[in-house]
Amino acid sequence: MIEVKNISKTFGDTQILHDISFCFEKGKTNLIIGQSGSGKSVLTKCIVGLHKPEQGEILFNGRDMVKMNNRDKKSVRKEIGMLFQGSALFDSLTVMENVMYPLTMFTKMNKAEMKERAKFCLDRVDIIGKNDLYPSEISGGMQKRVAIARAIAMKPRYLFCDEPNSGLDPKTSILIDELIKDLTQEYDMTTVVITHDMNSVLEIGDNIMFIYKGHNHWTGNKESILTTQNQEVVDFVYSSKFMKMYREKII
Ligand SMILES: Nc1ncnc2c1ncn2[C@@H]1O[C@H](COP(=O)(O)OP(=O)(O)OP(=O)(O)O)[C@@H](O)[C@H]1O
């Protein structure tokens with residue numbers, strides 16, 4: 001579980017985050033949604049310790065990231081798996097080497113152990129027989145799976161996914177969403193997903209925080225977002241004609 005309590009962040013004279021609180025639950029996919037520029041990335045960077053908020057607490061199972069020294073931060077970061085926008089695989093490393101990378105950096109495993117762990121993770125995300133290929137030789141959807149395998153290689157307690165569906169077709173997006181949800185439950189991780197994708201919101205939104213102009217403006221889940229009367233959420237979620245028609249049918 002990650003508890004964010006009363007987080008505020010200012011750059012220069014501009015306050016970006018205003019007194020944000022939210023609980024990211026264990027074993028759940030917790031979504032951060034909101035318009036471009038609303039503060040999702042700044043909040044995420046505060047959570048993982050890349051920005052220091054002026055105020056508030058960020059508790060990783062009770063351990064406050066804001067107050068930690070660098071050594072303790074590093075040790076919490078080892079428990080975090082990151083899935084970056086656009087996969088961010090290393091072009092010059094093979095699929096297998098990409099997944100082994102965090103193990104070579106942060107563990108004392110020998111090569112055989114690393115290979116075994118990487119193979120297990122690749123099998124789990126259904127990447128079979130591609131171990132010696134380079135990222136440019138596999139599809140975007142496969143690259144995303146490899147990036148997920150790399151993110152879970154260290155058996156993280158916390159998984160952060162930044163726009164996991166960017167650049168994917170709708171069908172592949174749903175498969176990636178399902179994979180993230182299944183892994184979250186299987187490994188009982190606290191998963192945080194930043195997304196603009198409304199399909200994801202409706203498929204995997206166990207807990208949802210809607211950030212509006214740096215405030216936690218609305219919280220709910222994939223069911224309650226369907227019927228919310230919060231005007232800013234309605235404007236955000238139901239901006240397309242199709243979604244407007246859908247809402248008219250269900251309300
Ligand atoms: N390092 C920084 N210094 C100053 N301002 C920043 C910095 N990082 C972000 N900002 C500002 O904070 C605001 C929120 O940015 P942020 O990147 O968190 O938005 P976002 O919701 O993630 O947007 P998007 O969906 O487009 O990625 C923006 O006005 C941005 O310019």
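One-based numbering, in listed order, for ligands and for the atoms of each.
- Side-chain contact annotation: Ser173 with Asn199, donor-acceptor N/O pair under 3.5 Å absent.
- Ring geometry, Tyr212 versus Phe210: the interplanar angle falls under 30°, so the pair is classed parallel (tilted spans 30 to 60°).
- With distances taken over non-hydrogen atoms, the option nearest atom 22 (O) of ligand 1 out of Gly34, Ser41, Gly12 is Ser41.
- Closest to atom 23 (O) of ligand 1, if we only count protein heavy atoms, is Gly37 N, 2.8 Å.
- Shown are Leu31, Val237, Thr219; of these, the side chain to side chain contact (heavy atoms under 4.5 Å, CB included) with Ile225 is made only by Val237.
- Residue-ligand proximity: Lys45 is placed with every non-hydrogen atom at 4.0 Å or more from ligand 1.
- No hydrogens or angles considered: nothing links the side chains of Ser8 and Asp19 as a donor-acceptor pair under 3.5 Å.
- Taking every non-hydrogen atom of Gln35 and a distance limit under 4.0 Å, the qualifying atoms of ligand 1 come out as 21 (O).
- Scanning Lys9, Gln85, Gln15, Lys40 for the heavy atom closest to atom 21 (O) of ligand 1 points to Lys40.
- Screening Thr190, Asn61, Thr191 against Tyr158 for a side-chain hydrogen bond (donor to acceptor under 3.5 Å, both in side chains) leaves a single residue, Asn61.
- Proximity to Ser38 (heavy-atom distance under 4.0 Å) selects the following atoms of ligand 1: 19 (O), 21 (O).
- Both Met105 and Leu93 are assigned to one and the same hydrophobic cluster, defined by single-linkage of ILVMFWY side chains at heavy-atom distances under 4.5 Å.
- Closest protein heavy atom to atom 7 (C) of ligand 1: Phe11 CE1, 3.4 Å.
- Shown in contact with Ile16 at under 4.0 Å from a heavy atom are these atoms of ligand 1, numbered in order with element: 11 (C), 12 (O), 13 (C), 14 (C).
- Of all protein heavy atoms, the one lying nearest to atom 9 (C) of ligand 1 is Val42 CG2, 3.5 Å.
- Among protein heavy atoms, atom 24 (P) of ligand 1 sits closest to Ser36 OG, 3.6 Å.
- For atom 26 (O) of ligand 1, a protein heavy-atom neighbour is found at a distance under 4.0 Å.
- Within the structure, the ring-ring contact (aromatic ring centres under 6.0 Å, His included) test picks out the following pairs touching residues 61-120 (sequence neighbours left out): Phe90-Tyr101.
- In this pair, Phe160 and Phe60 present their aromatic rings tilted. The plane angle is within the 30 to 60° band.
- Within a 4.0 Å radius of atom 13 (C) of ligand 1, the protein contributes at least one heavy atom.
- Inspection of the Asn207 and Asn221 side chains reveals no N or O donor paired with an N or O acceptor under 3.5 Å.
- Residue contacts with ligand 1 for His196 involve side-chain atoms from C-beta outward but no N, CA, C or O (heavy atoms, distance under 4.0 Å).
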